[in-house]
Every structure is written in structure tokens, then in C-alpha cells.
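Okay, structure first, notes after.
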Amino acid sequence: MEFMNNKIVIVGAGMVGSATLSALINLSLVSEIVLIDMNQEKAEGEVLDVSHTTSFTYSPNIQIKAGTYADCKDAHIIVITAGPSIADANESRMSLAVQNVNIIKNIMSSITAYTREAIIIIVTNPLDIVTYAAQKLSGYPLHKIIGTGTLLDTARFRRILGKKYGIDAKNVHGYILGEHGETAFATWSLVDIAGMPLEVFNAVMDTQVALDCSQVLNETKGIGFDIVGKKGYTNYGIAGSVQRLAKAILLNEKSILPVSTVLNGEYGLRDIALSIPCIISNRGIERTVPVILSEDELAQLIYSADHLNSILQELQLK
Ligand code: NAD
């Protein structure tokens, strides 16, 4: 009997790539991790840094190296974190989009020289534009490209609500959907704690939590900016989100998670990438889950799609 080795390649060894490397090591489900960066020294430095604690109890003794795209050949998962973030407030989102679409184009052609089997997790921003470009410019199987999308936004949303009600965020359900960015919206019609809408939970528990929905959404969307304002970049939250996705893939969990994917008729939308709940398995996106949205939420989803479409047109990707 042969045992399966799980191999992950991470492209991009910056703030996010290095935190992702650490999160994936700690997942203890992976036997080999390869880090690729255009700055080979940086990748080598990150690998050296994480490689020398294997004598510690609970430290998995896995193979970690700085590598090349040839390492994608037998990879199960490839995580793409390469490319810059917005450097300062003066830099436009469009100029970042132009740069990172070019970067993803090159990376996808390097990856597809070796594989069309691996499941690709996209982290690079602007997330939905880069996810769309990755699929469109390479023709890579649609269900094998997963944009982290609103997974992290949703985690933040659930934590904020959990704190307000004094409940573990794991028991709060609901999603942030649409664009990973300014037009993201909350699916208030689906929010529940222990299967009960918030007002019913309030009544049953005799609590008086008064929610200001737009304040909760603004707080959710503002966390990334707050972190960047204080430490200059974000990395641990997104690394934890990649770790969550990798676990769902490696264990074939069939977890329902909100991620960015190129839609194919869901909500009447196609040929656009944005986040809706999806079943994540060892095939990648097993199925999309087009949850029932209120009229207002559906309008917000369409608005998000229109907004992303106009950017794709400006970038001449459509
Ligand atoms: P960073 O500048 O620290 O690192 C980027 C790395 O990419 C650098 O090491 C650089 O050498 C490398 N790189 C650039 N072009 C490359 C190429 N063609 N091939 C290989 N490597 C290349 O940036 P970061 O803080 O790590 O952020 C990385 C990306 O992740 C950004 O686009 C950022 O906006 C995005 N991000 C997304 C989320 C999310 O929620 N989706 C959260 C945080 C950051």
C-alpha cells in the first residue's frame, strides 16, 4: 500500500507568502512545501528561517525548499501570493490591477507548462480581478481555481457578531459575499446563531443586543485598513484563510465556504469572478451553493458584479 504525500507550492515569499508557509507547516497535513519567488534569495531566506525547529516536539519534519515552477508538476495545491499590495494611498487600485494581472498571466503560463491538475488558491489583489484573469488567460479548469475572496471578510464578520452576543464565532453563521473589496455586502437575511435569526436569539436568551447593521458591515470592511494603518500590511488573517481552504481540500471536507469563482449562470451572472458560498473538496470547487438572497441582497450582488465588470473592461480583459 502506498501512502499519499501532500505537496503544496507557494508562489510569492513576501509578507503573505511567508505567513502562509508558516500556517501550512502548522497544519501538519502537508509533507512537502516549495516556495517560489522572483527574488530567489528571499524565498531561500524564508525557507531557512522556518526549517530549523524540527527537533521541537510537535514540529512536523516535512520537506521545505525554495524551488522553481518545475516543482508544480506533482503539486496538489498551488497558492499564489505574488505581486505587490497598494503601496500608499496615492497609488490607484487600477494601477495595482494592471501590475498584478500581468504578474498572474506570467505565473499561470509558468504553472501550466507543468500542470493543470493542481488546485490553485489565489490570494493576490485585486482578488476577483486576478482570479478571473488567472482562469480566462490560461483556460485552467474553472473548478480548480479558488480565490480566497470574502472568506476572511466573513470570518471577521462572524467574530464581530460573536463578540456582540458573547458567543463563539463558530456558532454565528452568515456571509459577506460579492467583491473582496468596496462593494462587498452582508447577507443579513441568512445570519443566525444556533439556527435562530438574531431577533429570535435575542428573545430566547432575553438579551438586548441592538445591532447597527451598516456599522457592523463598515467595521468588517475596515479591519484590513486598520491593520495596514497600524503595521503596514496584513498577513496572518489571510494566511489562516489559506490554511482553512487547504484543510478543506486535503481532507476532502466538502465545507461550504465563501470564495471567489468564475460564475456560470448563478444569480443570472456569468463570466465574472466574485464570492458566493461554495462546497470545497479535494476536487477544488465541488459545487457552488447559490443561497437564497433577499431582493436587496441580490441587488447588491448584481451591483458588485457590474462594478467588477467595469474594471475588467477597463483592463481590456473583456
Ligand atoms: P509583498 O510585497 O510583501 O510580497 C510580494 C512578493 O511577490 C515579493 O516577495 C515579490 O518578490 C514577489 N513577486 C512579485 N512578482 C512575482 C512574480 N512574477 N513571480 C514570483 N514572485 C513575485 O506583498 P504581500 O504583503 O505578501 O502581499 C501579496 C499579495 O497578497 C498582494 O497582492 C496583496 O494585496 C494580497 N493580499 C491579499 C489578501 C486577501 O484577502 N486576498 C490579504 C492580504 C494581502
Using the rule ring pair (Phe, Tyr, Trp, His ring centres under 6.0 Å), only one of Y175, F185, W188 pairs with F157; which is it?
W188
For residues N100 and T124, is any side-chain donor paired with an opposing acceptor at under 3.5 Å?
no
Partners passing side-chain contact (heavy atoms from CB on, under 4.5 Å) against T68 (at least two apart in sequence or in another chain):
A70, D71
Atom CD of residue position Q215 - does it have more than 12 heavy atoms of other residues, nucleotides or ligands inside 6.0 Å?
yes
Quick one about S31 and N6 (side-chain donor to acceptor, distance below 3.5 Å, no hydrogens or angles considered), yes or no?
no
Donor-acceptor pair, side chain of S281 and main chain of R283, under 3.5 angstrom
yes
L269 side chain near I302 side chain, heavy-atom distance below 4.5 Å:
yes
Between D153 and K221, is there a salt bridge with N-O shorter than 4.0 Å?
no
Separation between CZ (R244) and CG (L151), nearest 0.5 Å, reads 8.0 Å
Pick out which of V291, V289, T288 makes a side-chain contact (heavy atoms from CB on, under 4.5 Å) with E266.
T288
Flag if over 12 foreign heavy atoms under 6.0 Å of OH, Y140
yes
With side chains defined as the heavy atoms from C-beta onward, is the minimum distance between T261 and T131 less than 4.5 Å?
no
Do I10 and V34 have side chains that approach each other closer than 4.5 Å (heavy atoms only, starting at C-beta)?
no
Backbone N/O of N282 and side chain of N252: donor-acceptor pair under 3.5 Å
yes
Is it the case that T183 and S304 place a side-chain donor and acceptor less than 3.5 Å from each other?
yes
Count the heavy atoms of every other residue, nucleotide or ligand shown that sit under 6.0 Å from CZ of R116, and state whether that count exceeds 12.
yes
Would the number of heavy atoms belonging to other residues, nucleotides or ligands and lying under 6.0 Å from NZ of K105 be above 12?
no
Between S275 (side chain only) and T150 (backbone N and O only), is there a donor and an acceptor less than 3.5 Å apart?
yes
Short side-chain to backbone donor-acceptor contact, T115 and E117, under 3.5 Å
yes
Minimum side-chain heavy-atom gap L274-L301 below 4.5 Å
yes
What do you reckon, is NZ of K73 surrounded by more than 12 foreign heavy atoms closer than 6.0 Å?
no
State whether the side chain of Q243 and the backbone N or O of A23 hold a donor-acceptor pair below 3.5 Å, judged by distance alone.
yes
Report yes or no: does E46 contribute a side-chain atom to a donor-acceptor pair with the main-chain N or O of A43 at less than 3.5 Å?
no
Tell me if the CD atom of Q316 is crowded by more than 12 foreign heavy atoms within 6.0 Å.
no
Under 3.5 Å, is there a donor-acceptor pair between the N309 and Q313 side chains?
no
Do the side chains of V79 and V11 get nearer than 4.5 Å, heavy atoms only?
no
Donor + acceptor pair across side chains of S214, D212 (<3.5 Å):
yes
Give the cluster check for V9 versus V47: same hydrophobic cluster or not, with ILVMFWY residues linked at side-chain heavy-atom distances below 4.5 Å.
no
Using side-chain heavy atoms (C-beta onward) and a distance below 4.5 Å, is I80 in contact with V123?
no
Same apolar cluster: I122 and V16, side chain cutoff 4.5 Å
no
If only atom types and distance count, is the side chain of K318 paired as donor or acceptor with the main-chain N or O of D271 below 3.5 Å?
yes
E219 with K163: basic N within carboxylate O range, under 4.0 Å:
no
Value rounded to 0.5 Å, distance of CD1 in I129 from CD1 in I104:
12.5 Å
